[in-house]
Each structure stands twice: as structure tokens, then as C-alpha cells.
Number of protein chains: 2
Amino acid sequence: EQALVSGIAFNRDEAKVTVVGVPDRPGIAFAILDPVAKANIEVDVIVQNIGKDGMTDFSFTVHRNDLKRTLDILKRVAGEIGAREVVGDDKICKLGLVGVGMRSHVGVASQMFSALASENINIQMVSTSEIKITVVIDEKYMELAVRALHKAFGLDEQVKEQTSL
Amino acid sequence: EQALVSGIAFNRDEAKVTVVGVPDRPGIAFAILDPVAKANIEVDVIVQNIGKDGMTDFSFTVHRNDLKRTLDILKRVAGEIGAREVVGDDKICKLGLVGVGMRSHVGVASQMFSALASENINIQMVSTSEIKITVVIDEKYMELAVRALHKAFGLDEQVKEQTSL
Ligand SMILES: C[C@@H](O)[C@H](N)C(=O)O
Ligand SMILES: C[C@@H](O)[C@H](N)C(=O)O
């Protein structure tokens with residue numbers, strides 16, 4: 001299946017939050033996300049990687065306006081589940097490479113990572129699906145990153161910033 | 001936007017690999033994925049969470065048949081980039097909750113996590129997009145998890161296992 005990149009989505013109206021050092025046992029992801037859902041806070045990208053020594057980190061993005069409310073909830077939850085700390089950052093940009101046939105996207109992902117590396121832009125988070133590769137970077141690199149990706153994938157420069165959530 | 005879960009995708013023909021303790025600086029994601037892409041190994045879910053003390057972990061899934069080849073490549077790369085270790089595991093099941101309107105998916109995600117928690121199934125990795133919430137669990141819980149999710153979302157039991165990649 002030939003991967004076809006159809007566009008680049010980007011926005012800087014989100015913030016990332018991470019509950020650091022959560023116990024890696026059943027029920028913890030629910031304990032973190034349920035109070036956020038009950039507070040009607042919309043969540044976008046959710047990322048959790050494998051654990052080590054029985055602990056892992058659990059991250060997700062929310063709308064910037066919801067950062068403070070989310071951190072307040074998570075600080076309470078962190079105490080209840082015995083997590084180490086809660087960190088948040090609203091100086092981020094979420095970049096998405098959208099396309100069909102991403103099933104064969106290892107080449108596309110590596111090309112995306114290469115384009116960001118060539119501009120010395122650090123990738124803070126990665127999450128993928130069949131139709132999209134999403135990365136979180138520092139918001140200050142947004143325009144530079146979007147231009148680098150347009151160039152790398154030969155896309156038309158006319159893009160407007162999308163708002164999400 | 002009312003989230004609508006349309007189905008559950010699941011398969012146990014993948015394996016997860018993680019490069020543990022990679023330097024969190026530009027160019028590393030490319031250094032990891034480029035040799036994998038050049039070896040024509042298809043990659044599915046890619047997950048990276050925020051770093052700590054200048055390091056992070058970088059994971060992705062490949063077809064089970066590619067696990068050994070992937071680990072061989074990554075062990076070489078890990079040496080070149082100064083990563084701590086490379087781990088792999090093919091005893092996994094990838095579960096995806098598919099639907100539209102996932103933008104409001106915090107409620108859907110928390111319901112999915114609750115269903116898995118109620119069966120005491122540990123979530124090893126999480127990755128999401130607008131149309132899908134993907135988790136990695138131990139392969140031995142595949143049937144139990146699929147049944148629990150069908151029940152939680154009121155879906156028709158008739159599902160057949162999908163092969164991916
Ligand atoms: C960390 C969290 O995902 C935990 N492993 C769970 O299953 O809920
Ligand atoms: C870890 C890796 O993603 C690194 N931050 C990079 O930008 O390549």
C-alpha cells in the first residue's frame with residue numbers, strides 16, 4: 001500500500017499533561033481519566049509507553065484553557081494512586097501528518113522525523129494510527145516545522161492553522 | 001460530538017519493541033526508525049512519551065515474524081546512539097476501539113479502561129487518534145478483553161480477528 005500524505009494538521013491551542021511514576025497495574029488508567037471525563041474536559045492524544053519496575057508515565061493533551069483545571073484534578077488523583085508527580089506544559093505544538101495507507105507508514109514516519117531533525121527540532125511525544133502520525137514539539141518551532149514538513153513531502157504551502165478539540 | 005463506537009479491532013500477530021533510555025534530542029527518532037524502514041519492516045503503532053533527565057523510551061509494534069530482525073537492527077542502533085537497552089515482546093495483543101467522533105473520546109477512553117480494569121487486565125501501552133483508541137495488553141487476555149469491550153459498548157459479539165500490517 002503506497003502511503004500518501006495528504007496534509008499537515010497543526011495547532012498550538014493544546015497543552016500536555018503527564019502523571020509521572022504511576023503504578024503499572026489494572027485500573028490506573030481508568031482512575032486517571034475518569035475524573036477528567038466527569039469534569040467534561042476533552043482529551044486528545046493519550047500516550048502511555050511500557051513500564052519499568054512496576055511504574056510508567058501516563059500523558060494526554062487537553063485544550064490550553066483546561067490545563068489548570070486538569071492539573072488540579074490530577075494532583076488529587078496522583079495522591080490517591082501513589083504517583084510521583086504531575087507535570088503540565090502549554091508551550092507545545094501538536095503536529096499531525098495525515099494520509100491514507102499509513103499502514104506502510106514506517107517510511108513516512110522516518111521521513112517526518114528526519115525533516116524535524118534537519119531543523120534541530122526535538123520530538124517530545126509520538127502517537128500514531130493508520131491515518132495519522134502525531135508528534136508534540138515546542139510551540140516556538142511550529143512554523144519552522146510545518147515548512148520543513150511541507151518541503152519534505154512536497155505539499156502545497158497554503159495551509160491554515162487548525163484548532164482542535 | 002457524540003462519540004460512536006463502531007467496532008473493536010484486535011490481533012495477536014504483532015510484537016512490541018522498545019529502545020529504552022534513548023537520548024531525548026533531535027535526530028534520535030530518525031536514527032531509530034530509518035534503519036527499520038530501510039529494512040522494509042512494516043511498523044504499526046509508534047509511541048513515545050515525554051522524557052526525563054534528557055532520556056526517554058521509544059516503542060513501536062512490528063509483525064511478529066519481524067521481531068528478531070527488528071531487534072538485531074535496534075541492538076546495533078542502540079549502541080550507536082547510546083541507548084540503555086532494547087527489549088521486545090511478542091506475547092501481546094493489540095486492541096483498537098474504532099469509532100467516529102472520538103474527538104470527545106475521553107468518556108469512551110475511560111469506559112474502555114474501566115472495562116479492562118474490571119477484568120483485571122493491565123494496559124501496557126496506549127496510543128490514540130481521532131478515530132481510534134489503541135491499547136496493548138498481554139495476548140492471553142485477548143478473548144476476555146474483546147468480550148468485556150463488547151459488553152461495555154453494547155456491540156454485537158460477532159467479530160472475527162483481524163490481521164494487521
Ligand atoms: C498505567 C495504566 O495504564 C495501567 N497499566 C492500567 O492498566 O490501568
Ligand atoms: C526521542 C526522540 O524522539 C528525540 N526526542 C527526537 O527528536 O528524535
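For clarity, every value in this text was computed on a predicted model and none was experimentally measured. Order of the sequence lines fixes the chain letters, A, B, ..., with proteins taken first and strands second; residue numbering starts at 1 for each chain.
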query = Counting heavy-atom pairs under 4.5 Å to chain A, which of A29(B), A31(B), G27(B), A115(B) comes out on top?
reply = A29(B)
ask   = Which pair of heavy atoms, one from L33(A) and one from A109(B), lies closest together, and at what distance?
value = CD2-CB, 3.7 Å
Residue [X] versus chain B: region with a heavy atom under 4.5 Å:
X: I28(A); value: neither
X: F58(A); value: both
X: K38(A); value: neither
X: V136(A); value: neither

ask   = Is there a side-chain contact between T128(B) and V43(A) (heavy atoms, below 4.5 Å)?
value = no
Is there a chain of hydrophobic side chains (I, L, V, M, F, W, Y, each step under 4.5 Å between heavy atoms) that links [X] to [Y]?
X: I121(A); Y: I81(B); result: yes
X: I8(A); Y: I92(A); result: no
X: F10(A); Y: M125(A); result: no
X: V62(A); Y: V45(A); result: no
X: M55(A); Y: V77(A); result: no

query = I50(A) and D89(B): side-chain contact (heavy atoms from CB on, under 4.5 Å), yes or no, with the steps?
reply = CA-CA 11 Å; I50(A) 64 166; D89(B) 177 6; over 6 Å; no
[X] side, atom [atom1]; [Y] side, atom [atom2] - distance, nearest 0.5 Å:
X: Q111(A); Y: F30(B); atom1: CD; atom2: CZ; result: 9.0 Å
X: R25(A); Y: N120(B); atom1: CZ; atom2: CG; result: 10.0 Å
X: K52(A); Y: R84(B); atom1: NZ; atom2: CZ; result: 5.5 Å

remark   = Answer key: most heavy-atom pairs under 4.5 Å with chain B among V135(A), T134(A), L116(A), D24(A) is D24(A)
query = Picking from S114(A), S118(A), A117(A), which has the most non-hydrogen pairs under 4.5 angstrom with chain B?
reply = S114(A)
inquiry  = Just checking F153(B): does its CZ atom have more than 12 heavy atoms from other residues, nucleotides or ligands closer to it than 6.0 angstrom?
reply    = yes
inquiry  = Donor-acceptor check, side chain of S127(A) to backbone of S127(B), threshold 3.5 angstrom: yes or no?
reply    = no
note = The residue among I46(B), N49(B), T56(B) that forms side-chain contact (heavy atoms from CB on, under 4.5 Å) with V126(A) is I46(B)
